[in-house]
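Report on one structure; see the data block that follows.
For reference, positions follow the sequence shown, starting with 1. Model, not experiment: these values are computed from the prediction.
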Amino acid sequence: MAKIIDGKALSDKLRLGIRDRVTALKASGIVPGLAVVLAGEDPASKVYVKNKIAACEFTGIKSFAYYLPHDVSQAELDELIVTLNADPSVHGILVQLPLPKHLDELKALSLISPEKDVDGFHAVNAGKLMLGEKCLSACTPLGIIELIKSTGTDIAGKHAVVVGRSNIVGKPVALMLLKHDATVTVCHSKTRNLADFTRSADILVVAIGRKEFVTGDMIKAGAVVIDVGMNRFEGRLYGDVEFSSAEKIAGYITPVPGGVGPMTITMLLENTLKAASSVG
């Protein structure tokens with residue numbers, strides 16, 4: 001049976017370390033600040049923003065929350081982002097997605113200063129990640145790397161298979177795994193004979209948004225399995241991996257919930273601290 005990778009426990013441990021480093025930074029006269037912008041009334045987004053603010057409070061990061069109406073104009077949103085870029089007390093800016101449909105997400109995200117882009121979505125940071133340069137990187141992939149490391153697995157030389165090619169998870173985590181010297185295969189909806197690839201993976205990251213799509217017979221014995229899926233069905237959350245069959249085969253596996261999710265916010269805090277430290 002697989003060992004469970006407890007994302008909440010790891011997240012709690014890392015947040016304690018972040019809190020200590022925030023306290024030290026404050027002693028030098030810098031108070032890390034994170035601005036969160038929420039447009040509209042999406043219930044899930046409200047919960048995410050609430051959790052992010054609570055995490056900031058725990059670690060001592062100052063949070064600035066901006067709640068915009070559903071009918072906010074693009075010009076008003078853009079103006080707020082430009083204002084936050086110029087505010088020295090704000091080190092990180094996060095625009096909560098998805099935005100209302102009439103707003104241009106790409107335009108809004110591209111306006112955020114790369115130095116304050118704590119979500120790691122700006123083209124400049126994405127480009128730096130591809131080039132192997134220091135940057136603010138996407139939070140969920142950063143959390144995935146920490147989860148893999150927590151198992152004691154040496155990523156170097158391992159065959160890592162990423163199922164999913166999104167700009168938010170699939171592509172950046174593939175680049176991060178490459179940076180850690182894994183041999184990386186990226187699979188997606190057009191991949192033929194998917195199971196042939198997943199069964200060869202020492203490290204398997206599944207991020208496709210399909211309920212229990214990867215089953216135990218698609219997993220290599222002893223593999224590290226990271227399930228990024230968050231699929232709500234009949235009031236329950238399911239991952240992209242069928243946990244009941246996968247845990248019998250894998251060496252390590254993340255649960256849903258309680259695996260990748262808690263780490264995403266923790267890496268947001270880490271990025272905010274990183275951004276604040278760079279201006280000190």
Could you walk me through whether V186 and F197 pass the side chain to side chain contact (heavy atoms under 4.5 Å, CB included) test, one step at a time? CA-CA 9 Å; V186 178; F197 293 98; over 6 Å; no
Residues at least two apart in sequence or cross-chain that pass side-chain hydrogen bond (donor to acceptor under 3.5 Å, both in side chains) with H122, listed by chain then number, are none
For atom CD of E105, decide whether the heavy atoms of other residues, nucleotides or ligands shown that lie under 6.0 angstrom number more than 12. yes
What residues, two or more places apart in sequence or in another chain, satisfy side-chain hydrogen bond (donor to acceptor under 3.5 Å, both in side chains) together with S63? none
Test of understanding: with salt bridge (charged side-chain N to carboxylate O under 4.0 Å, His left out), list the residues that count as partners of D78, not counting sequence neighbours. K107
Indicate yes or no: at least one non-hydrogen side-chain atom of I4 is less than 4.5 angstrom from one of F243. yes
Shared hydrophobic cluster for F64 and V95 (ILVMFWY, side-chain gaps under 4.5 Å): yes
Output all residues satisfying side-chain contact (heavy atoms from CB on, under 4.5 Å) with L14, sequence neighbours left out; order by chain, then residue number. L10, M263, T266, M267
Considering only distance and modelled atom types, tabulate donor-acceptor pairs under 3.5 Å from the side chains of residues 23-37, sequence neighbours left out.
from	atom 1	to	atom 2	distance (Å)
T23	OG1	R19	O	3.0
K26	NZ	G60	O	2.8
S28	OG	L25	O	2.6

D196: partners by salt bridge (charged side-chain N to carboxylate O under 4.0 Å, His left out), with sequence neighbours left out: R199
Among all residues two or more places apart in sequence or in another chain, which pass the side-chain hydrogen bond (donor to acceptor under 3.5 Å, both in side chains) test with E76? S73
Is any side-chain heavy atom of F121 closer than 4.5 Å to a side-chain heavy atom of L97? yes
Check: residues 124-146 side-chain donor-acceptor pairs under 3.5 Å, at least two apart:
from	atom 1	to	atom 2	distance (Å)
N125	ND2	P114	O	3.1
N125	ND2	D117	OD2	2.8
T140	OG1	T264	OG1	2.9

Any donor-acceptor pair under 3.5 Å linking the side chain of H70 with the backbone of P100? no
Taking the side chain as every heavy atom from C-beta outward, state whether I253 and I5 have any atom pair closer than 4.5 Å. no
Mind running side chain to side chain contact (heavy atoms under 4.5 Å, CB included) on T198 and C187 for me, showing each step along the way? CA-CA 9 Å; T198 58; C187 300; 5.7 Å; no
Within the structure provided, determine whether R21 and K274 are in side-chain contact (heavy-atom separation under 4.5 Å). no
When every non-hydrogen atom of M218 is compared with those of A195, the smallest separation belongs to CG-CB, 4.0 Å
Could you list the donor-acceptor pairs under 3.5 angstrom formed between side-chain atoms of residues 220-231 and any protein atom two or more places apart in sequence or on another chain?
from	atom 1	to	atom 2	distance (Å)
K220	NZ	D202	OD1	2.7
D227	OD1	G229	N	3.0
D227	OD1	D240	N	2.8
D227	OD2	D240	N	3.2
D227	OD2	V241	N	3.0
N231	ND2	Y238	O	3.2
N231	ND2	G239	O	3.3
N231	ND2	D240	OD1	2.9

Could you tell me whether the side chain of K116 and the main chain of N85 form a donor-acceptor pair under 3.5 Å? yes
Return each pair, listed once, that meets side-chain hydrogen bond (donor to acceptor under 3.5 Å, both in side chains) where at least one residue sits in residues 167-176; pairs must be two or more places apart or across chains. N167-K171
Got a sec, which residues hit side-chain hydrogen bond (donor to acceptor under 3.5 Å, both in side chains) with K248, two or more places apart in sequence or on another chain? none
Verify same cluster id: I53, L268 (apolar side-chain graph, 4.5 Å): yes
Starting from the C-alpha separation in whole Å, work towards a yes-or-no answer on side chain to side chain contact (heavy atoms under 4.5 Å, CB included) for L194 and F213. CA-CA 11 Å; L194 176 65; F213 181 76; 3.4 Å; yes
Could you tell me whether the side chain of R165 reaches within less than 4.5 Å of the side chain of S189, counting heavy atoms only? yes
More than 12 non-hydrogen atoms from neighbouring residues, nucleotides or ligands closer than 6.0 Å to NZ on K62, yes or no? no
Sequence neighbours excluded, which residues qualify as salt bridge (charged side-chain N to carboxylate O under 4.0 Å, His left out) partners of K46? E41
Would you kindly confirm whether Y48 and L38 end up in one hydrophobic cluster when ILVMFWY residues are joined by side chain heavy atoms under 4.5 Å apart? no
When clusters are formed by joining ILVMFWY residues with side-chain heavy atoms under 4.5 Å apart, either directly or through shared neighbours, do V260 and Y252 land in the same one? yes
Report yes or no: do I249 and I203 belong to one cluster of Ile/Leu/Val/Met/Phe/Trp/Tyr joined by side chain heavy-atom distances under 4.5 Å? no
Any Y66 side-chain heavy atom under 4.5 Å of L84 side chain: yes
